[in-house]
Amino acid sequence: MAAPKVAVVGAGVVGLSTALCIMETCPSCSVTILSEQFSPNTTSDVAAGMLIPHTYPDTPIHVQKQWFRETFTYLFAISNSAEASEAGIHLVSGWQVFKNTPKEELPFWSDVVLGFRPMSKAELQKFPQHQSGQAFTTLKCDCPPYLLWLEKRLKATGVQMYTRKVADLWELHNKYDIIVNCAGIGAHQLVGDKKLFPIRGQVLKVHAPWVKNFIRDGDGLTYIYPGIHRITLGGTREKDNWSLSPDPGTTKDIFDRCCSLEPSLQGAQDIQVKVGLRPSRQCVRLQREVLSQGGVKLLVVHNYGHGAGGFSVHRGTAKEAACLVGECIAALQGSSSGAKL
Ligand code: FAD
């Protein structure tokens with residue numbers, strides 16, 4: 001059989017990392033990325049890119065932990081390499097603080113991040129409105145640099161990239177053997193997934209280089225995440241809201257909430273407002289599917305629905321999607337020698 005032709009639909013963190021994992025596991029594949037938008041115009045560009053997992057209710061915790069561990073290990077190695085600054089990957093230490101102490105003492109990811117421990121009384125003095133907290137060091141991906149770094153690596157391995165909106169996966173069946181659907185919230189329309197819904201997030205990206213530690217309110221709504229050049233201040237979580245327009249009232253609310261956690265942010269400069277739609281589901285859709293139309297078969301691998309935690313698990317889910325592509329290739333090789341798909 002000739003080199004399998006794979007089309008990856010989508011160029012956010014999930015599409016780019018999936019294409020890279022496919023090239024790593026199947027270097028003889030010909031991989032093409034087709035996407036309506038590339039960086040800096042994807043949801044992934046809006047994200048803070050912090051490695052603090054979000055929980056997917058319908059995915060077993062040990063699977064989520066494995067995805068997180070693989071992602072952490074991969075990015076930790078980049079943060080320790082000469083590539084770190086270009087890739088926008090860096091370690092960041094800080095605190096997650098709670099007004100009401102959570103019942104669950106240790107989150108499932110506490111032994112993956114570095115130095116996880118309860119905050120001391122002295123540290124908690126910084127947060128007079130909060131009862132308890134956790135201190136740890138994690139990783140942060142700055143976007144767009146991380147997406148541009150992934151694109152550069154992909155181009156170096158011969159992956160082609162085209163700007164194109166795909167209205168129907170069947171458009172691609174004449175040209176490609178396997179389609180990998182990494183369309184994020186776009187999968188709602190592309191494959192009619194009614195289980196996928198947007199959770200709108202508005203954030204501010206500001207210049208305040210004196211703020212070095214992250215601060216996250218345990219309710220997940222208010223956060224301060226320092227990047228290499230800018231700090232992300234958040235946020236909002238608005239289910240089923242498809243609006244990409246920034247709301248000025250929300251901007252003021254986010255700024256005030258963040259200043260009450262870190263008063264020095266009053267001096268922040270150059271405030272930019274961004275909005276993104278988290279592609280949310282009860283579980284990430286990581287699945288092989290064989291579509292069939294008039295006796296013709298189309299092999300599809302889905303990898304979308306990462307919600308509020310796409311950066312935290314992207315490498316783990318990309319590796320799993322690449323394994324599913326490997327299974328499709330084996331099925332194709334089997335079918336060219338007579339077996340069924
Ligand atoms: P996207 O980045 O949306 O990429 C989808 C791609 O598919 C795009 O290129 C799009 O153009 C393309 N596409 C869609 N439909 C089609 C079509 N029909 N044809 C062709 N191309 C198509 N996660 C974390 O882990 N940590 C964080 O700190 C964090 N912060 C966040 C803050 C905010 C405000 C938001 C909104 C999200 C945050 N997230 C965070 C979540 C994270 O951003 C997402 O989980 C992640 O970006 C999803 O990546 P994706 O590649 O699936 O989607």
Side-chain angles (χ1 to χ4, degrees), residues 7-19 33-54 56 64 67-68 71-72 75 92 109 138-144 146-147 150-151 161-169 171-172 179-193 196 198-205 214 216 220-221 223-225 227 232-238 241 244 246 250 254 273-281 284-286 302-318 321:
V8 175
V9 179
V13 70
V14 173
L16 298 178
S17 55
T18 300
I33 298 180
L34 305 168
S35 190
E36 188 177 6
Q37 301 288 350
F38 284 82
S39 180
N41 299 317
T42 69
T43 305
S44 301
D45 288 281
V46 175
M50 280 291 280
L51 265 72
I52 300 180
H54 145 92
Y56 304 99
Q64 300 186 45
W67 292 342
F68 181 56
T71 307
F72 197 94
L75 294 177
V92 57
W109 42 265
T138 188
L139 287 151
K140 183 177 177 313
C141 310
D142 272 14
C143 272
Y146 183 53
L147 298 184
L150 287 171
E151 282 185 19
M161 300 186 202
Y162 299 104
T163 302
R164 168 171 168 184
K165 177 167 180 158
V166 179
D168 186 326
L169 295 180
E171 281 172 21
L172 309 176
I179 316 299
V180 186
N181 171 16
C182 302
I185 195 64
H188 190 266
Q189 200 180 2
L190 181 60
V191 293
D193 185 344
L196 182 69
I199 298 188
R200 180 182 182 277
Q202 182 166 322
V203 288
L204 318 182
K205 307 260 176 176
F214 77 80
R216 179 180 199 265
L221 206 58
Y223 50 83
I224 298 163
Y225 292 149
T232 305
L233 307 183
T236 66
R237 276 196 304 229
E238 299 155 74
N241 185 339
L244 283 170
T250 305
I254 293 171
V273 187
K274 306 264 179 199
V275 176
L277 304 179
R278 300 176 181 93
S280 303
R281 264 177 131 256
V284 176
R285 186 169 182 203
L286 246 174
H302 300 284
N303 185 13
Y304 67 84
H306 296 67
F311 278 85
S312 306
V313 296
H314 70 278
R315 178 72 188 185
T317 58

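Read the numbers this way: they start at 1 and go in the same order the structure lists the ligands and their atoms. This is a predicted model, so every value here is computed, not measured.
- Once rounded to the nearest 0.5 Å, the distance linking OG of S280 with CZ of R200 reads 13.5 Å.
- The closest side-chain donor-acceptor pair between H188 and D193, if any, does not fall under 3.5 angstrom.
- Distances from ligand 1 to the non-hydrogen atoms of I185 include no value under 4.0 Å.
- Counting atoms of ligand 1 from 1 in the listed order, those under 4.0 Å from a heavy atom of G276 are 36 (C).
- Within the listing of ligand 1, atoms 5 (C), 52 (O), 53 (O) sit less than 4.0 angstrom from a heavy atom of G184.
- A donor-acceptor pair is defined here as one N or O able to donate and one able to accept, closer than 3.5 Å; no such pair exists between the side chain of K274 and the backbone of G201.
- With respect to the salt-bridge test (charged N to carboxylate O, under 4.0 angstrom), the residues R164 and E171 qualify.
- No side-chain donor-acceptor contact under 3.5 Å links T43 to the backbone of G276.
- Within the set S44, S39, G12, the minimum heavy-atom distance to atom 49 (O) of ligand 1 is found for S44.
- Contact atoms of ligand 1 toward V13: 49 (O), 51 (O) (distance under 4.0 Å to a heavy atom of the residue).
- Between H54 and Y56, the ring-plane angle classifies as perpendicular under the 30° and 60° cut-offs.
- Counting atoms of ligand 1 from 1 in the listed order, those under 4.0 Å from a heavy atom of H306 are 45 (O).
- By the criterion of a heavy-atom distance under 4.0 Å, the side chain of V9, and not its backbone, is placed next to ligand 1.
- Residue-level proximity to ligand 1 for P53 is absent, since no heavy atom of it falls below 4.0 angstrom.
- Using a 4.0 Å cut-off to heavy atoms of V14, the atoms of ligand 1 that qualify are 49 (O), 50 (P), 51 (O), 52 (O).
- Relative to atom 27 (C) of ligand 1, the option among G49, A47, G234 with the closest non-hydrogen atom is G49.
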